[in-house]
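Beneath this line is the structure, given in structure tokens, with notes to follow.
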Amino acid sequence: MSHWAEIDNNNKVLKVLVCDNNDPNGDEGYQWLIDNLGGTWIQTSYNHKIRKQFAGIGYTYDPNADVFIVPQPFSSWGLDANHDWQPPTPMPTEGLWSWNEETLSWDELELPTE
């Protein structure tokens, strides 16, 4: 079995499907998608062996880096060299924190006490 992500003209993932892949050349599933559904399909891997990570609806495919990128969590965050979103201020290493987009800083979370 192989997994395939359909992308639109802006390289956004529209859907992810599983296809039979019994062809030794690995083309059977892809060809079925093209013949029956049309569109543009890129293979993805749930175990992250290809294209960085498993594609999901709303992800973006970067054809230059040949990776799927998760949606941007906040507008202030930027992509690093590994195609991971990073905040403008690193998260503190101790405690539990939540990103505050209004202040562009981390808010410490308090655990409920008994």
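- Annotation: F74, atom CZ; neighbour count of heavy atoms from other residues, nucleotides and ligands within 6.0 Å is above 12.
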Task: From CA spacing to verdict: side chain to side chain contact (heavy atoms under 4.5 Å, CB included), L109, W97 - done: CA-CA 5 Å; L109 299 175; W97 300 87; 5.8 Å; no
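- Judged by distance alone, with hydrogens and angles left aside, the side-chain atoms of D80 form a donor-acceptor pair with the main-chain N or O of D84 at under 3.5 Å.
- Two different hydrophobic clusters hold V16 and L33 under the rule that ILVMFWY side chains link at heavy-atom gaps under 4.5 Å.
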TODO: Carefully, step by step, assess K52 and D66 under the rule salt bridge (charged side-chain N to carboxylate O under 4.0 Å, His left out).
DONE: CA-CA 8 Å; K52 182 166 174 67; D66 193 27; over 6 Å; no
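- No side-chain donor from either of W77 and S75 sits under 3.5 Å from a side-chain acceptor of the other.
- Grouping the Ile, Leu, Val, Met, Phe, Trp and Tyr side chains by contacts below 4.5 angstrom, directly or via other members, places I42 with I69.
- Using a 3.5 Å distance cut-off with no hydrogens or angles, the side chains of E101 and S76 do pair a donor with an acceptor.
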TODO: Just do the side chain to side chain contact (heavy atoms under 4.5 Å, CB included) check on T60 and V13 with the steps written out, would you?
DONE: CA-CA 6 Å; T60 302; V13 176; over 6 Å; no
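- When the side chains of ILVMFWY residues are joined at heavy-atom separations under 4.5 Å, either directly or via intervening members, W99 and M91 end up in a single hydrophobic cluster.
- In the hydrophobic cluster analysis, where Ile, Leu, Val, Met, Phe, Trp and Tyr join through side-chain heavy atoms closer than 4.5 angstrom, L37 is grouped together with W4.
- Contact between G58 and K12 at its shortest, heavy atoms only, is O-CD, 4.2 Å.
- Taking the ring centroids of F68 and Y61, they lie under the 6.0 Å cut-off.
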Open item on the list: I'd like to know whether D62 forms a side chain to side chain contact (heavy atoms under 4.5 Å, CB included) with H83, so could you lay out the CA-CA distance, the side-chain angles of the two residues, the decisive distance to 0.1 Å, and finally the verdict.
Closed with: CA-CA 9 Å; D62 180 337; H83 300 93; 3.9 Å; yes
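- Contact of the P87 side chain with the T89 side chain is not registered, since no non-hydrogen atoms from C-beta on lie closer than 4.5 Å.
- When each of N47, I50, T44 is paired with H3, the side chain to side chain contact (heavy atoms under 4.5 Å, CB included) condition holds for T44 and for no other.
- Taken to the nearest 0.5 Å, the CD atom of E110 stands 7.5 Å off from the CD atom of E108.
- No hydrogens or angles considered: nothing links the side chains of W41 and Q43 as a donor-acceptor pair under 3.5 Å.
- Two different hydrophobic clusters hold F54 and L17 under the rule that ILVMFWY side chains link at heavy-atom gaps under 4.5 Å.
- Rounding to the nearest 0.5 Å places CD of E6 at 4.5 Å from NZ of K15.
- No side-chain donor-acceptor contact under 3.5 Å links W106 to the backbone of L96.
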